[in-house]
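First the structure, in the form of structure tokens, and then the observations on it.
Keep in mind the model is a prediction, meaning the values are calculated, not measured.
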Amino acid sequence: MHSRRKRNRYKFTEKKQSKKGIAALVVAILIELVYIVFLNTAIRTNGGLSMYFGSAGILMLGASIADFGFAVSSLFDEKAFMTFPRFAVFFSLIAMISWGGTYAAGFFI
């Protein structure tokens with residue numbers, strides 16, 4: 001038997017996609033989806049949600065802050081492309097601003 005030669009196996013770079021960046025992006029998108037669901041529920045009930053929703057909101061604020069830190073730490077991986085970490089930082093910053101803004105608005109309204 002002849003062993004087949006591996007053709008068209010080019011390797012242009014050693015860089016790979018950042019797994020930490022992808023994970024941070026997925027978590028940030030999930031946090032934003034939860035925010036949209038909470039906001040929709042609050043609007044439908046005219047703001048009459050239970051304290052459990054408030055507790056879950058504070059938990060999501062903490063998760064968004066932790067995810068932002070995780071996304072920023074994924075920027076420092078030198079052997080990875082920066083596409084996913086940059087998107088992760090952007091979306092986690094949006095999540096942190098939306099949850100934090102809702103939390104701050106609860107004091108002023």
State, to 0.1 Å, how close K20 and F70 come at their nearest heavy-atom pair, and which atoms those are. O-CE2, 3.5 Å
In the single-linkage hydrophobic clustering (I, L, V, M, F, W, Y; side-chain heavy atoms under 4.5 Å), do V89 and F84 co-cluster? no
Shared hydrophobic cluster, I65 / V26 (ILVMFWY, side-chain heavy atoms < 4.5 Å): no
Distance in Å, T41 OG1 paired with I36 CD1, rounded so as to fall on 0.5 Å steps: 11.5 Å
Cluster overlap M96 with L59, hydrophobic side-chain contacts below 4.5 Å: no
What distance do S98 atom OG and F38 atom CZ have between them, rounded to the nearest 0.5 Å? 12.0 Å
For V34 and W99, what are the C-alpha separation, side-chain angles and deciding distance, and is it a side-chain contact (heavy atoms from CB on, under 4.5 Å)? CA-CA 10 Å; V34 170; W99 280 105; 4.1 Å; yes
For A95 versus A28, what's the shortest heavy-atom pair and its separation? CB-O, 4.4 Å
Decide whether F53 and L61 are clustered together by the hydrophobic rule: side chain heavy atoms of Ile, Leu, Val, Met, Phe, Trp, Tyr closer than 4.5 Å, transitively. yes
Look up atom CD1 in I58 and atom CE in M51, then write down how far apart they are to the nearest 0.5 Å. 12.0 Å
Of all heavy-atom pairs between S92 and D67, which one has the smallest distance, and what is that distance? CB-OD2, 3.3 Å
Checking T102 against Y35: is there a side-chain donor and acceptor pair closer than 3.5 Å? yes
Give, for atom CG of L75 and atom CZ of R86, the distance between the pair rounded to the nearest 0.5 Å. 7.5 Å
So how far is it from S74 OG to K19 NZ, rounded to the nearest 0.5 Å? 14.0 Å
Knowing that exactly one of I29, I22, V27 qualifies, which makes a side chain to side chain contact (heavy atoms under 4.5 Å, CB included) with L25? I29
Is the ring pair F91/F87 parallel, tilted or perpendicular, if the boundaries are 30 and 60 degrees? tilted
Same cluster for L49 and I43 if Ile/Leu/Val/Met/Phe/Trp/Tyr side chains link at under 4.5 Å? yes
Closest non-hydrogen atom pair between A88 and A24, with its separation: CB-CB, 3.8 Å
